[in-house]
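Here's the structure we're looking at; comments come further down.
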Protein chains: 2
Amino acid sequence: MIDRMAAATHPAMEDLDLPTVMHALADPIRLGLVRLLSDGEERAWGDLDAPVANSTLSHHLKVLRSAGITRTREEGKRCFVRLRSDDFEGRFPGLLDTTLALAAEAGTGVADVRLHSAAA
Amino acid sequence: MIDRMAAATHPAMEDLDLPTVMHALADPIRLGLVRLLSDGEERAWGDLDAPVANSTLSHHLKVLRSAGITRTREEGKRCFVRLRSDDFEGRFPGLLDTTLALAAEAGTGVADVRLHSAAA
DNA sequence: TTCTATCTTCGACGAACATCGAACGATCGG
DNA sequence: CCGATCGTTCGATGTTCGTCGAAGATAGAA
């Protein structure tokens, strides 16, 4: 679980470059995740329903986190994810908002990521 | 040369999806090319000075073209490239402008693509 | 402690990618 | 014609990526 003692490693925004961020946003699943989180609310890891195995989902969340796009918080046995909007906006102004607007539309190749039954 | 008779193949904007576009923008060289073209002016292929072999440059330009980001025109023996801003803006509003603004800044991991000596 | 739920990491696989040099084809100038 | 120029395409190479299942690690419950 993310190495509970070191907490999920979040990069400093100034260490990120544009290609890295673009690459993180260049996958249907990851875009689906970003879209699901677009309201700024925090979501429980276990509530995420993506069409891939858990190990793959974990990988995608790591890529997003490594690109400064999301933040992960640990609480006991569970994890919670949300966008890192403020920090990100400071480093890459406009990019997240623009991407969210585009990902919100249909027919853009964004994967169908939703919440399991118990939508909060 | 792009098959002179069929002209460089440009995709219809409605056939493009977001992951494809993001992927095209997730490479330092391609971002450098986009930045060089950011003023909307047309550039001669042969004037492009990127830190890769010609065959690689050709590949990158094809990726950008396939993603609807650039347009290629052929004139006799030479080629000219420019951004496909209008079409692109219609399909992915704000994305190109936002990317251009970010790519214009230093320290964002964008490759140094410029013009050969004879800048036009 | 032992079991269970939760997420990460490992190891492996095929596919896709960036890169190069060489070969190709088309065009234009002698 | 012949040769030079221009850009694409081919073939090869090493890397990265997305994906999975299995194994690992942690925290809480029994």
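Just so it is clear, the values below take in all heavy atoms, side chains as well, and ignore hydrogens, waters and symmetry mates.
Closest to the side chain of V52(A), from the set dT9(C), dC20(D), dT8(D), is dC20(D). Candidate nucleotides dA5(C), dC7(C), dT8(D) were compared by shortest atom distance to the side chain of R78(A), and dC7(C) ranks first. Closest to the side chain of K77(B), from the set dT5(D), dT9(D), dG7(D), is dT5(D). The side chain of D27(A) has dT19(D) as its nearest neighbour among dT8(D), dT19(D), dG21(C).
A close approach under 4.0 Å does occur between a side-chain nitrogen or oxygen of H23(A) and OP1 or OP2 of dC17(D). Listed pair H60(B) / dC17(C) fails the phosphate criterion, with no side-chain N or O lying under 4.0 Å from OP1 or OP2. For the OP1/OP2 pair of dA18(C) and a distance below 4.0 Å, the side-chain nitrogens and oxygens of R30(B) include at least one atom meeting the criterion. At the phosphate of dC20(C), OP1 or OP2 sits under 4.0 Å from a side-chain N or O atom of T56(B). The phosphate of dT8(D) (OP1 or OP2) has a side-chain N or O of S58(B) nearer than 4.0 angstrom.
Atom CG of N54(B) is separated from atom C1' of dC24(C) by 15 Å (rounded to the nearest Å). Taking atom CD1 of I29(A) as the reference point, atom C1' of dC20(D) lies 13 Å away to the nearest angstrom. E74(B) has its CD atom 8 Å from the P atom of dT8(D), to the nearest Å. D47(A) has its CG atom 14 Å from the C1' atom of dA5(C), to the nearest Å. Rounding to whole angstrom units, CG of residue L33(A) and P of dG18(D) are separated by 13 Å. Spacing between atom CH2 of W45(A) and atom P of dA5(C) amounts to 16 Å, rounded to whole angstrom units. Atom-to-atom, CG of D49(B) to P of dG7(D) comes out at 13 Å; the value is rounded to the nearest Å. Rounded to an integer number of Å, the gap from L57(A) CG to dC7(C) C1' is 10 Å.
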| task | Give the C-alpha distance, both sets of side-chain angles, the deciding distance and a yes or no for salt bridge (charged side-chain N to carboxylate O under 4.0 Å, His left out) between E41(A) and R82(A). | result | CA-CA 6 Å; E41(A) 293 298 307; R82(A) 65 180 154 130; over 6 Å; no

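In this structure, the side chain of H116(B) engages the main chain of G46(B) through a donor-acceptor pair within 3.5 Å. For S58(A) (side chain) and N54(A) (main-chain N/O), no donor-acceptor pair under 3.5 Å exists by modelled atom type. For R35(A) (side chain) and A111(A) (main-chain N/O), a donor-acceptor pair under 3.5 Å exists by modelled atom type.
For A26(A) and F80(B), each mapped to the nucleotide of DNA chain D holding its nearest heavy atom, the one lying further toward the 5' end belongs to F80(B).
At a cut-off of 3.5 angstrom, the base of dG21(C) holds at least one donor-acceptor pair with the side chain of S55(B).
Note that the CG atom of L96(B) and the OG1 atom of T98(A) stand 11.0 Å from one another [nearest 0.5 Å].
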